[in-house]
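Worksheet for the structure shown next.
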Number of protein chains: 2
Amino acid sequence: MLKEERQQLILEHLKAAKKINLGDLSNMLKVSYDSVRRDVIELEDKGLLKKVHGGVVSNSYLNILAGQRKGVKKGGDLEIVISKALKFLKNNQIIILDGGTTNFFLAEQIPKSLTLTVITNSPPLAMALNEHENVEVILLGGRYYKRYQIAMGPEVSNQLKRFNADLYFMGVNGIDKTKGLTIRNYEESILKQQMMAAAKSTICCVVEEKIGVVEAYQICPIEKIDALITNLDPENYSLIGYDGVVMV
Amino acid sequence: MLKEERQQLILEHLKAAKKINLGDLSNMLKVSYDSVRRDVIELEDKGLLKKVHGGVVSNSYLNILAGQRKGVKKGGDLEIVISKALKFLKNNQIIILDGGTTNFFLAEQIPKSLTLTVITNSPPLAMALNEHENVEVILLGGRYYKRYQIAMGPEVSNQLKRFNADLYFMGVNGIDKTKGLTIRNYEESILKQQMMAAAKSTICCVVEEKIGVVEAYQICPIEKIDALITNLDPENYSLIGYDGVVMV
DNA sequence: AAAATAATTGCAAGCTTTTGCGAAATACTG
DNA sequence: CAGTATTTCGCAAAAGCTTGCAATTATTTT
């Protein structure tokens with residue numbers, strides 16, 4: 001069995017199971033514990049799952065590449081988040097949208113009648129707005145990171161310095177009471193800080209499963225953002241202790 | 001057995017089996033391991049499969065990107081133009097590709113093994129290079145023109161000033177002996193001039209039907225470009241009178 | 001048709017990746 | 001805090017891959 005094949009199987013299993021322990025995987029795939037372990041490490045490096053003590057959990061990192069366009073499931077967590085986020089949009093606003101699936105789907109769902117300027121470093125997101133006649137798009141250029149499908153680097157930062165947007169919708173990998181907003185890529189964490197600085201207020205959109213997750217690099221502590229949008233009711237117990245933020 | 005025949009068999013087998021290891025292929029096709037290996041490298045260059053340690057997998061297996069049709073018709077005019085254009089590419093070159101369909105398809109057909117830097121103002125083109133691991137992409141940012149799906153404006157021009165690329169592949173709407181290279185959009189005509197200035201040499205790729213066509217805005221006279229690639233034989237009568245250009 | 005050139009093939013030696021094992025370290029549980 | 005479960009690490013064997021070379025076959029040129 002090829003390594004790639006195995007990794008594919010692990011991912012498929014994870015879609016169904018949500019959490020699997022490595023021993024079971026090892027039996028199931030008929031390879032040693034170590035091989036599974038190494039596969040899982042590789043997959044984690046690619047951001048496709050998250051390793052925890054006792055097994056692996058799905059990371060719901062849908063690659064826009066993977067054909068899952070127009071992928072907001074009716075009534076799903078993501079749809080709830082997006083519908084809440086859309087309420088923040090007003091005519092003639094200038095908003096920054098960074099890369100990431102949530103923002104991509106948010107962009108797709110922007111009402112066609114709304115007049116907006118969208119600043120983004122994500123080519124797929126820019127293209128998702130092709131049919132939005134009233135949305136002007138400013139694309140930030142720089143070195144293009146294929147893996148994340150975004151532009152990053154000094155050029156992007158420089159261009160950002162000249163902007164004063166009304167809103168910034170930030171995507172993150174994890175959000176935690178004490179560790180704040182975190183992400184897996186260092187450069188991106190810096191970029192997101194700069195995007196915050198380029199906007200009057202910052203809104204963070206996350207689905208439930210990212211709550212309590214801590215990733216490698218902090219962007220900022222919780223209280224620096226102006227609003228946190230989740231699919232949960234603002235009174236939900238999972239959100240207790242996130243002080244200083246408007247919950248939506 | 002001919003090489004092409006063998007490669008066809010490999011692809012067919014892969015369609016059915018999703019994966020296969022090179023030793024088995026070697027037995028099946030009754031040629032040495034090395035020949036199979038070299039076939040597989042060629043196929044990988046064309047993006048038709050993915051080589052991994054232990055064998056090959058059909059690349060639709062790893063990525064659900066299968067639906068992404070390669071848009072060049074076999075034996076069509078465009079394919080001829082593109083195959084000629086690819087001969088100009090050498091390892092470690094820095095090339096500028098502007099928007100337009102010819103360049104988009106050219107980008108798709110760049111061999112996966114080629115190491116290049118591609119500078120572009122076209123988000124779709126940047127994304128078309130997602131699977132080209134050896135191609136670094138620099139995305140030019142600015143105002144995004146949805147209709148053409150390219151970035152244009154002063155930011156793009158400024159970024160261009162700092163580049164000294166080896167080659168610029170220019171797309172045009174029309175080419176004519178006396179009126180030169182022309183295009184429908186004024187701003188774009190200026191941008192293309194700037195791209196010419198940012199590259200050591202400029203190559204123009206056109207299919208037959210654009211020859212003799214004159215559009216609203218001239219980019220430059222014919223003799224300013226270094227090579228003209230068409231689907232026609234360089235000796236073809238349609239090309240008589242285009243002086244001062246290398247015909248390919 | 002002969003010579004020159006180019007493309008293809010197979011081989012062998014050397015190199016890299018992958019794998020499983022056992023010991024050691026670390027994280028959870030009651 | 002001890003005990004158990006889980007994870008990590010280093011290593012060496014095995015499997016697989018690459019590279020240069022020389023022989024062969026095909027193609028083009030003279």
Side-chain angles (χ1 to χ4, degrees), chain A residues 1-11 13-14 17-46 48-59 174 176 178-179 184 212-216, chain B residues 1-11 13-14 17-59 61-62 83-84 86-87 90-92 111-115 133-134 233-235:
Chain A
M1 159 138 18
L2 270 56
K3 194 180 60 154
E4 281 68 19
E5 207 183 349
R6 236 170 28 220
Q7 299 188 354
Q8 196 61 36
L9 288 172
I10 293 176
L11 288 177
H13 232 273
L14 205 52
K18 195 132 176 123
K19 178 174 173 182
I20 326 174
N21 88 16
L22 297 197
D24 292 353
L25 268 180
S26 163
N27 289 331
M28 202 160 71
L29 301 170
K30 311 240 182 303
V31 285
S32 75
Y33 177 90
D34 290 78
S35 293
V36 172
R37 189 172 68 82
R38 279 181 281 240
D39 285 340
V40 158
I41 289 172
E42 275 185 38
L43 291 170
E44 185 175 39
D45 280 349
K46 290 183 189 158
L48 296 168
L49 51 75
K50 177 125 181 88
K51 217 146 97 32
V52 294
H53 192 96
V56 290
V57 295
S58 132
N59 201 3
D176 182 86
T178 56
K179 296 289 187 175
R184 304 174 46 79
V213 173
V214 177
E215 289 287 357
Chain B
M1 170 162 341
L2 284 109
K3 199 178 61 158
E4 278 73 18
E5 199 181 335
R6 232 170 33 219
Q7 298 191 354
Q8 203 53 45
L9 286 172
I10 294 176
L11 288 177
H13 186 95
L14 208 52
K18 303 294 181 206
K19 61 134 195 190
I20 179 147
N21 91 10
L22 295 196
D24 292 354
L25 265 182
S26 161
N27 289 331
M28 202 165 78
L29 301 170
K30 311 245 182 298
V31 284
S32 75
Y33 174 91
D34 294 78
S35 294
V36 173
R37 188 172 68 83
R38 279 182 279 241
D39 285 342
V40 158
I41 288 172
E42 277 185 37
L43 292 170
E44 185 177 39
D45 251 9
K46 293 182 188 155
L48 298 168
L49 52 76
K50 178 126 182 80
K51 208 148 116 1
V52 297
H53 191 102
V56 293
V57 294
S58 77
N59 59 7
Y61 182 63
L62 286 178
S83 69
K84 285 182 185 176
L86 288 174
K87 296 214 176 74
K90 308 260 182 317
N91 266 321
N92 302 311
K112 295 281 201 303
S113 58
L114 211 51
T115 301
E133 289 178 16
N134 300 309
D233 187 278
E235 308 300 323

* Tell me: CG of B:Asn21 to P of C:dT18, nearest whole Å? -> 15 Å
* Is the backbone of B:Val56 close enough, under 3.5 Å, to the side chain of B:Asn21 for a donor and an acceptor to pair up by distance? -> no
* To do: Show your reasoning for whether salt bridge (charged side-chain N to carboxylate O under 4.0 Å, His left out) applies to A:Glu215 and A:Arg184.
  => CA-CA 6 Å; A:Glu215 289 287 357; A:Arg184 304 174 46 79; 3.4 Å; yes
* Report the distance from atom CG of A:Leu25 to atom C1' of C:dG20, rounded to the nearest whole Å. => 17 Å
* Atom pair distance, as rounded to whole Å: CG in A:Asp39 and P in C:dT17 -> 16 Å
* To do: Report yes or no: do B:Asp24 and B:Ser26 form a side-chain donor-acceptor pair below 3.5 Å?
  => no
* To the nearest Å, how far apart are B:Lys30 NZ and C:dT9 P? -> 16 Å
* Distance in angstrom units between B:Ile41 CD1 and D:dC17 P, rounded -> 10 Å
* Asked: Which of the following nucleotides, C:dT19, C:dT16, C:dG10, is nearest to the side chain of B:His53?
  -> C:dT16
* Sugar-phosphate only, base, or nothing, as touched by A:Gly55 at under 4.0 Å among non-hydrogen atoms -> sugar-phosphate
* Asked: C:dG20 P sits how many Å from A:Leu22 CG, rounded?
  -> 14 Å
* With respect to the phosphate group of C:dT19, does any side-chain polar atom (N or O) of A:Ser32 fall under 4.0 Å of OP1 or OP2? -> no
* Asked: Side chains of B:Asn92 and B:Thr115: donor-acceptor distance under 3.5 Å anywhere?
  -> no
* **Under-4.0 Å salt bridge between B:Lys18 and A:Glu5** => no
* Bend angle of the helix from C:dA1-D:dT30 to C:dG30-D:dC1, end axes from five pairs each (to 10°) -> 40°
* When you measure from the side chain of A:Lys3, which nucleotide among D:dC17, C:dT19, C:dT9 comes out closest? -> C:dT19
* Could you give the CZ-to-C1' distance, from A:Arg37 to C:dG22, as a whole number of Å? -> 13 Å
* **Closest-nucleotide 5' rank along DNA chain C - winner of A:Tyr33 and B:Glu42** => B:Glu42
* Salt bridge check: are B:Glu133 and B:Lys50 linked by an N-O gap of less than 4.0 Å? -> yes
* To do: Rounded to the nearest angstrom, tell me the gap between atom NZ in B:Lys51 and atom P in C:dT17.
  => 12 Å
* Is a side-chain N or O of B:Asp45 found less than 3.5 angstrom from the main chain of B:Ser113, in a donor-acceptor match? -> yes
* To do: With heavy atoms under 4.0 Å as the rule, sort A:Val52 into base, sugar-phosphate or nothing.
  => sugar-phosphate
* Specify the residue among B:Asp34 and A:Arg38 whose closest nucleotide of DNA chain C lies further upstream toward the 5′ end. => B:Asp34
